[in-house]
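The chains referred to below are lettered A, B, ... by the order of the sequence lines, with proteins before strands, and numbering in each begins at 1.
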2 protein chains.
Amino acid sequence: MRNRIHELRRQGGWSQADLATRLKVSRQTVNALERGRYDPSLPLAFAIARLFGLTIEEVFQPEEDEA
Amino acid sequence: MRNRIHELRRQGGWSQADLATRLKVSRQTVNALERGRYDPSLPLAFAIARLFGLTIEEVFQPEEDEA
DNA sequence: TGCGTATGTAAAGTATGTTTTACATTGCGG
DNA sequence: CCGCAATGTAAAACATACTTTACATACGCA
């Protein structure tokens, strides 16, 4: 699953730690999401989209062959 | 997290087993999702929304106090 | 040079999502 | 009444998401 977290975070001028605080997750989780190590849970995906004022579909793009 | 899976499935005239097949998950997973036992993974949430021709936001509604 | 901030990563542990097997209950059509 | 389809549920096993602690690297700046 592709995501625009890195791009959106930088537009807001935030560090990974800043974003983690706002999302109430660890900095390592933000780092892992940005680096595509795994996908967020659905509740976390909602929190991320809302924080940036976007829909889930605007932040996350499933790859072609994905579920 | 609230979801409209049960309602949407019935509108399509499908059994839980039918839906499970289309989503490539087990019938128990569909049952658990409909009964609100847990939230789907983000990829599965996308698959569900796409199957019904809706956005994630149209199918899933985070509760007020949720992440 | 040396310090502080930001980022990447790893290992161990906990929590959540999903599958498989199996069984119980309900309701409907014969 | 009987049989069958649909649904609910449980336990064990496994996969994925997330936390904590800890350390490494890179960069800018006093």
Interatomic distance, B:Tyr38 OH vs D:dA15 C1' [rounded to whole Å]: 12 Å
Whole-Å gap separating C1' (D:dT9) and CD (B:Gln16): 12 Å
Provide, to the nearest angstrom, the distance between the CG atom belonging to A:Asp39 and the P atom belonging to D:dA15. 17 Å
For B:Arg4 and B:Glu58, the nearest pair of non-hydrogen atoms, with its separation, is NH1-O, 2.9 Å
Looking at B:Ser41, I'd like to know whether one of its side-chain N or O atoms comes within less than 4.0 Å of OP1 or OP2 on C:dT18. yes
Describe the nucleic acid contact of B:Thr29 in one word from base, sugar-phosphate, nothing, applying a heavy-atom distance below 4.0 Å. base
In whole angstroms, how far is the C1' atom of C:dA15 from the CG atom of A:Leu44? 14 Å
What nucleic acid atoms does B:Arg9 come within less than 4.0 Å of, heavy atoms only: base, sugar-phosphate, or nothing? sugar-phosphate
I need the minimum non-hydrogen distance between A:Asn3 and A:Phe60, along with the two atoms involved. CB-CD2, 3.5 Å
Closest contact, heavy atoms only, A:Ile56 versus A:Ala49: N-CB, 3.8 Å
Using heavy-atom distances to pick each residue's nearest nucleotide on DNA chain D, tell me which of B:Arg37 and B:Ala17 is more 5'. B:Ala17
Which is true for B:Ser26 with a 4.0 Å heavy-atom rule: it touches a base, it touches only sugar-phosphate, or it touches nothing? base
Atom CE of A:Met1 and atom C1' of D:dA17: how far apart are they, to the nearest Å? 13 Å
The side chain of A:Ser15 lies closest to which of these nucleotides: C:dA6, D:dT19, D:dT9? C:dA6
Rounded interatomic separation in angstrom, taking CG from A:Leu33 and C1' from D:dT19: 13 Å
Step by step, work out the side chain to side chain donor-acceptor pair (under 3.5 Å) result for A:Thr21 and A:Asp18. CA-CA 5 Å; A:Thr21 299; A:Asp18 290 337; 5.8 Å; no
Which part of the nucleic acid, if any, lies within contact of A:Arg27, taking any heavy atom under 4.0 Å across all strands shown: a base, the sugar-phosphate backbone alone, or nothing? base
Which pair of non-hydrogen atoms, one from B:Leu19 and one from B:Arg9, has the smallest distance, and what is that distance? CD2-CD, 3.8 Å
Taking only side-chain nitrogens and oxygens of B:Asn31, does any of them come within less than 4.0 Å of OP1 or OP2 of D:dT7? no
When B:His6 and B:Leu42 are each assigned the nearest nucleotide of DNA chain D, the 5'-most assignment goes to B:His6
Is there a donor on the side chain of A:Gln28 or the base of D:dT21 sitting less than 3.5 Å from an acceptor on the other? yes
